[in-house]
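The structure displayed is predicted, hence computed values, not measured ones.
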Amino acid sequence: MEPPAMDKFLGIRITPLTRRRLHNFRRNSRGFWSLWIFLGLFLMTLGSEFLANDKPLLVWFDGSPHMPVFVIYPETDFGGEFLTEADYRDPFVEELIEEKGWILWPPVRFSFDTINYELDHPAPAPPSLDNWLGTDDQGRDVVARLMYGFRISVLFGLTLTIFSTVVGIAAGAVQGYFGGLIDLFTQRFMEIWSSLPTLYLLIILASVVTPNFWWLLGIMLLFSWMGLVGVVRAEFFRARNFDYVRAARALGVSNRVIMFKHVLPNAMVATLTFLPFILSGSITTLTSLDFLGFGMPPGSASLGELLNQGKNNLQAPWLGISAFVTLSIMLSLLVFIGEAVRDAFDPRKTFR
């Protein structure tokens, strides 16, 4: 017999409290539509290889299909002379293929690192039919670099947010639940650790190790986990003396079960409201490091590197404007989503 106070959605039981939160989230139309727009942009950029690439999506040659996006084909497969990978932008290779078939190109025929050698103007070239938002100072398509840069920025921010949230919740839970000397020494450690100059450490380490995605993620994780400790610690301090916690201790329930099964759900309410803002902060941090030259390796698709090019090439305003608009839209959507999540978990907003 199912409880009468529960609904079902896609086979998942939804309690009245969850239904009220979903309703409050949807009532914030700005945050609700921002979530869908952000998800649409993110899902679109996840398939950037199918939207912006210097390789065709499909090549039909001599009665058989070829998919250069997934498989590397030598030029000899299309009647060429070399055993190296076919250059599908080469007019000679295009003529060979079109003699016995056809080519299906993505909407943008450039990848993030493809250099356009057929520009009518010196790089950075202005917008044209081939390059919709122009090129950077190395002749690379701006649209392709924006798509790939958007994807890597969001993936970096999501990964850093997830890892830092796990570490921060664990540290705050231990401090708040046990208190005493554990809380005292951990707080003093955090005060010392947070005072370390993160940027200087990155500059020093960048001179020793070539930075990459995982290297930057590990360095930033060393400092970003402290953002949620205070919130979780306060919730555990407040809840550890509640009657149900004392009853669980009297029944012999282990501290681990009490912390993560009984107390943590209360702390997650305050934690979830911070996640969109932590994500936007992580994206801003990566952009700042790329702008200063201590972020992703040279040549990587990066919004910060595109902003730096816009600063260095004021005669090409499309560079700075494109990166600024992309970052503004991304961060604004995340802030609007965060406001809607905050409203959803606000107990003062009731279901009508």
Side-chain angles (χ1 to χ4, degrees), residues 40-61 65-75 77-78 80 82 84-94 96-98 102-156 210-214 286-287 290 295-310 313 316 318-319 322-323 325-327 330:
L41 293 174
F42 180 52
L43 292 176
M44 182 183 68
T45 55
L46 283 179
S48 295
E49 286 79 7
F50 301 97
L51 298 175
N53 206 330
D54 55 0
K55 299 179 182 179
L57 300 177
L58 178 65
V59 174
W60 190 270
F61 182 78
H66 300 74
M67 302 190 70
V69 176
F70 301 105
V71 182
I72 297 176
Y73 299 100
E75 186 179 308
D77 286 3
F78 305 106
F82 301 102
T84 56
E85 182 180 4
D87 182 6
Y88 301 95
R89 299 179 57 84
D90 188 351
F92 174 72
V93 176
E94 289 187 4
L96 290 176
I97 295 175
E98 291 176 355
W102 45 268
I103 304 176
L104 177 62
W105 286 95
V108 180
R109 296 177 57 172
F110 302 93
S111 184
F112 69 93
D113 56 352
T114 305
I115 299 177
N116 188 359
Y117 294 100
E118 301 177 359
L119 295 175
D120 297 331
H121 299 80
S128 62
L129 294 178
D130 291 333
N131 306 107
W132 301 341
L133 293 178
T135 66
D136 61 4
D137 55 7
Q138 300 183 32
R140 299 171 297 191
D141 186 72
V142 173
V143 174
R145 294 190 66 79
L146 286 176
M147 294 178 63
Y148 285 87
F150 186 99
R151 180 177 67 178
I152 197 170
S153 297
V154 176
L155 289 177
F156 180 88
T210 303
N212 54 45
F213 182 92
W214 298 108
L286 177 63
T287 304
D290 289 335
M296 300 296 292
S300 302
S302 167
L303 298 178
E305 190 262 348
L306 196 59
L307 281 174
N308 189 31
Q309 288 201 28
N313 298 276
W318 55 87
L319 296 176
S322 300
V325 170
T326 302
L327 276 173
M330 182 195 309

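Phe70 has its ring centre less than 6.0 Å from the ring centre of Phe50.
Distance CE/Met147 to CG/Leu46: 10.5 Å, rounded to 0.5 Å. Annotation: the span from Thr84 atom OG1 to Tyr73 atom OH amounts to 16.0 Å, rounded to 0.5 Å. Note that the OH atom of Tyr148 and the OG1 atom of Thr45 stand 10.5 Å from one another [nearest 0.5 Å]. Rounding to the nearest 0.5 Å gives a distance of 11.5 Å between CD of Glu94 and OH of Tyr88. Going from atom CZ of Phe61 over to atom CG of Asp77 covers 8.5 Å, rounded to the nearest 0.5 Å. Taking CG of Leu303 as the start and CD1 of Ile152 as the end, the distance is 9.5 Å to the nearest 0.5 Å.
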Using a 3.5 Å cut-off and no angle test, enumerate the donor-acceptor pairs between side-chain atoms of residues 118-130 and protein atoms at least two apart in sequence or in another chain.
{"residue": "Ser128", "atom": "OG", "partner": "Asn131", "partner atom": "N", "Å": "3.3"}

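Between Phe110 and Ala144, the shortest heavy-atom distance links the atoms O-CB, 3.5 Å. Minimum interatomic distance between Ala52 and Pro106 (heavy atoms only, all atoms of both residues): N-CB, 4.3 Å. In plain terms, the two heavy atoms of Asn313 and Leu319 that are nearest each other are CB-CD1, 4.2 Å. Listed here is the closest heavy atom pair of Glu49 and Leu57: O-CD2, 4.3 Å.
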**Q.** Derivation of the side-chain contact (heavy atoms from CB on, under 4.5 Å) call for Asn308 and Asp290
**A.** CA-CA 8 Å; Asn308 189 31; Asp290 289 335; over 6 Å; no

(Q) Under the criterion side-chain contact (heavy atoms from CB on, under 4.5 Å), I'd like the reasoning laid out for Ile97 against Trp60: C-alpha separation, chi angles, the key distance, then a yes or no. (A) CA-CA 8 Å; Ile97 295 175; Trp60 190 270; over 6 Å; no

(Q) Set out, in order, the CA-CA distance, both residues' side-chain angles and the distance that settles side-chain contact (heavy atoms from CB on, under 4.5 Å) for Ile115 and Arg140, then state yes or no. (A) CA-CA 5 Å; Ile115 299 177; Arg140 299 171 297 191; 4.2 Å; yes

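Residues Leu51 and Val108 fail the side-chain proximity criterion, which asks for heavy atoms closer than 4.5 Å. When side chains are defined from C-beta on, Arg89 counts as touching Arg109, because their heavy atoms get closer than 4.5 Å. In this structure, Trp132 and Ser322 have side chains that are not in contact, with every pair of non-hydrogen atoms separated by 4.5 Å or more. Side-chain atoms of Val154 and Met330, non-hydrogen and from C-beta on, do get closer than 4.5 Å to each other. With a 4.5 Å cut-off on side-chain heavy atoms, Asn116 and Asp141 do not count as touching. Looking only at side-chain heavy atoms (C-beta outward), Thr287 and Leu307 come within less than 4.5 Å of each other. Side-chain contact between Glu75 and Phe92 is present, with heavy atoms from C-beta onward closer than 4.5 Å. Phe78 is listed as a side-chain neighbour of His66, based on a closest heavy-atom distance under 4.5 Å.
Side chain of Asn212 to main chain of Pro297: no donor-acceptor pair is present (N/O by atom type, distance under 3.5 Å, no hydrogens or angles). Not a single donor-acceptor pair under 3.5 Å links the side chain of Trp105 to the backbone N or O of Asn53. The closest donor-acceptor contact from the side chain of Ser300 to the backbone of Ser302 lies at 3.5 Å or more, if one exists at all. Formation of a donor-acceptor pair under 3.5 Å by the Arg145 side chain with backbone atoms of Phe112 is found in this model.
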